[in-house]
Each structure stands twice: as C-alpha cells, then as structure tokens.
Amino acid sequence: MTDSEYNKEAKNLAKTAHNLRKEGRFREAEAKYLEILELDPDNVHALAGIGNLKCKTKQFKESLRYYERCLDLDGNNLYALAGAGDSYRGLKDMDNALKSWLKYLSFNPGDYKIITRVGDALRRKDDLPGSKKYYLLALELRPQDPFALMGLGNVCEKMGNDEEALFYFKKLFSHADYVTFATTSAANIYRKTGNYVKAIELYDAVLAENPKNSHAWNGKADCFRGMRKYEAAIHAWNNAQKYGMNRASAMTRIGDCYLSMNDLDNAETSYQITVAAGYDKYAYLGMFRIHLKRNHINKAFETLALLRKNEPHDARISSEYNEFIGKYPHVKEH
C-alpha cells in the first residue's frame, strides 16, 4: 500500500470513527481509531480521539495516557490540551488541569468553554477573585452562558456579595434547564438574609414545578422556623424527608420546633428518632434542654457530659458545660 493509500485509508477510518463517536457508539469508534494507529502509530488525531472516548467514559488515567502521547508528538494540539485538562479535573488534580487549560488558552484565547472551566477550577481551589475574573471573561464572550452565570453566583455568594450573587442567579431564570437551580439559589440567599417572605415565594415557585423537591421544602421549613411559624415548619420538614431529605436531620429540626413550642413529649420523640440512627450533636443538645426544662438535672448532666466527650473542641458545648457546673456543682461530684 502506497503512502497515498495509507493516508486515504486513515482518513476514511477517522471519518467513520468520528461519526460513531457522535452516535455514542464508543467501542466501535475506539476500534476504528486503533485501526488508524496500526497504520500510523503516531497519528495525533487517533490518539486524541481515543483520549476523548476514554475521558467521556471517565477512564481518566487511560485518557491521559493517550493525550500525553499526542502532546509528545504535537505539544500544541488543542484537542489534547483541552482533553488533558478535563482528565486531570476528573482525577481532582486542579493544578495540572489549570496548566493544560491555560496553555490551551494561550493558543485559543476566545474559547469561552475552556475559560469557564478555568473559573471552575480556581473556584474549587478557593481562589475566588481569580475565579470571578475568568467567569466574567467568559460572559464577555457569551453574555448568557449558564455555566459562567452559575459560577459567578456561587463565587459572589462565597465572597459575601449577596446582592451581586442574586443578580447572576436571576439572569438564569430565563434558562429553562437551570431555572430550578437558580430559583433555589436565590431563595437561599433571601432566607439567609432574613427576607423569608421573598424566599418562600421562590421556594413555592420551585415546588409548583416539582412538588417533590426536598431542598425547596427544607428551605421553606427553615423560613417558617425563622418566622416562628413552627407548625408550618414541621409540616414542611415532614415533606422534605418524605421526598429525600436525610431523616435524622429533618427530625432534629422538627424536634427543635416542638421544643420552641414547649411540646416536650413530641420534641423528645423527634430527637430519639434521630439518635436511634446514630450520634447527633444537635439532637443531644435538644435532649439536654428537655431535661433542664423538666428539672431532670442528673439526666441533663449525663447528656452534656456525652456531648463534651464527643465534641472536645466545641466552644459552645464547653461554655454550656462550664455554666451548668457553675450552677449545679453537686452534680459533678455525684
């Protein structure tokens, strides 16, 4: 077979592999790329193609092997640089992911998708100002990019810029695929800042679309608790656990509501459901308060001693313990 025939065969195989990959027929596509490598072991397109297939199927170490071989042959290969970054991200190696993506951007600075990935990686490394810079750069290139908007909302919230975070989350309301995330995120900010009425309005919008959204029920319940509407909060947390919220967490919060209503029996029952599943600091704190309210001082001390043993570095529990011993010194001696 002549060089021309080799090249023609390789091109046909590459075209077939590309089409198979687009159809999601990854094994067949890989087989075609391997046929190319049999003809030409240094074919960078086949090496990058197999790298992409391995990366898509989360075989990140394998994908890196092919991308690195490709980059040994062509250090500026954009497909391999982008793919290597994705593989390193899959292996949770953000430093090397950033190196690959930044080198890619040195050759192709206008790729908003890679710019957004750099923003994501910097956010994971807690470089919030750097992350924000790249997300904003991505938005300059694609003003409504949902991933950059999500990233900016998260970064601004972490930086304590709640109003700016709301600005970006609200921009996502028009993206059908991300409206639930954006609405819930905005509601969480309103809840955190004490605007419970607005938060509930947004949680209700989420629940109108998906009545089984446990995160929205949990957020709504927390708002009702902040408004001292304890019965409504209990109802919402019952729904939250019904639709997937961790039962122990929900029952502890329900116990707190009953305790605030001075319904000690139901509070105790709720906390006991939590501790039956294992140790829980907040459930035991609730039990401690119940024992105090019932003037069961010895039981209160036993519970507090257990908390102190399990939480030796918790300043709040240490303070509770010292205050308790100061008030009831005879219990410790007993």
Q.
Give me the atom names and distance for the closest heavy-atom approach of S87 to L64.
A. CB-CG, 3.6 Å
Q: Anything under 30° is parallel, anything over 60° is perpendicular, the rest tilted; go ahead and classify Y279 against Y284.
A: parallel
**Q.** N-O pairing of R289 and E320 below 4.0 Å
**A.** yes
Between side-chain atoms of residues 200-211 and protein atoms elsewhere (two or more places apart, or another chain), which donor-acceptor pairs fall under 3.5 Å?
residue, atom, partner, partner atom, Å
E201, OE2, K198, NZ, 3.2
Y203, OH, N188, OD1, 2.5
Y203, OH, R191, NE, 2.9
D204, OD1, K220, NZ, 2.7
N210, OD1, K212, N, 3.1

Q | Pair E268 + K293, salt bridge at N-O below 4.0 Å | A | no
Q. Which atoms form the tightest heavy-atom contact between D42 and L73, and what is the distance?
A. O-CD1, 3.6 Å
Q | Whether N322 side chain and S318 backbone form a donor-acceptor pair below 3.5 Å | A | yes
Q) Does K99 pair with D93 as a salt bridge, N-O distance under 4.0 Å? A) no
Q) Are F324 and Y328 near enough that their ring centres are under 6.0 Å apart? A) yes
**Q.** Aromatic contact, Y178 with F147 (centres under 6.0 Å)
**A.** yes
(Q) Is there a side chain to side chain contact (heavy atoms under 4.5 Å, CB included) between F301 and I297? Walk through the geometry before answering. (A) CA-CA 6 Å; F301 176 71; I297 303 306; 5.6 Å; no
Q.
Between D263 (side chain only) and N266 (backbone N and O only), is there a donor and an acceptor less than 3.5 Å apart?
A. yes
Q. So if you build clusters from Ile, Leu, Val, Met, Phe, Trp, Tyr with side-chain heavy-atom gaps below 4.5 Å, do F107 and Y112 land together?
A. yes
Q) Looking only at heavy atoms, what is the nearest atom pair of I114 and A82, with distance? A) CD1-CB, 3.9 Å
Q) Are there more than 12 heavy atoms of other residues, nucleotides or ligands under 6.0 Å from atom CD of E323? A) no
Q) Looking only at atom types and distance, does a side-chain atom of T184 sit under 3.5 Å from a main-chain N or O of F181, one as donor and one as acceptor? A) no
Q: Spell out, yes or no, whether L53 and Y67 are grouped together once hydrophobic residues are joined by side-chain heavy atoms under 4.5 Å, including indirect joins.
A: no
Q) What heavy-atom pair brings K125 and D95 nearest, and what distance separates the two atoms? A) NZ-OD1, 2.6 Å
Q: Return each pair, listed once, that meets salt bridge (charged side-chain N to carboxylate O under 4.0 Å, His left out) where at least one residue sits in residues 225-237; pairs must be two or more places apart or across chains.
A: D222-R225, R225-D256
Q: Indicate yes or no: at least one non-hydrogen side-chain atom of K158 is less than 4.5 angstrom from one of D126.
A: yes
Q) Is the shortest distance from a Lys or Arg side-chain nitrogen in E302 or K299 to a carboxylate oxygen in the other one below 4.0 Å? A) no
Q. Closest heavy-atom contact between Y135 and T116?
A. CE2-O, 3.7 Å
Q) So does K192 have more than 12 non-hydrogen atoms from other groups sitting under 6.0 Å from NZ? A) yes
Q) If you measure from the Lys or Arg side-chain nitrogens to the Asp or Glu carboxylate oxygens, is any gap between D86 and R117 under 4.0 Å? A) yes
Q: Please go through F173's hydrophobic cluster and name the other residues, only I, L, V, M, F, W, Y counting, with side-chain heavy atoms under 4.5 Å joining them.
A: none
**Q.** Test salt bridge (charged side-chain N to carboxylate O under 4.0 Å, His left out) applied to D72 and R69, step by step
**A.** CA-CA 5 Å; D72 285 341; R69 172 69 179 142; 5.1 Å; no
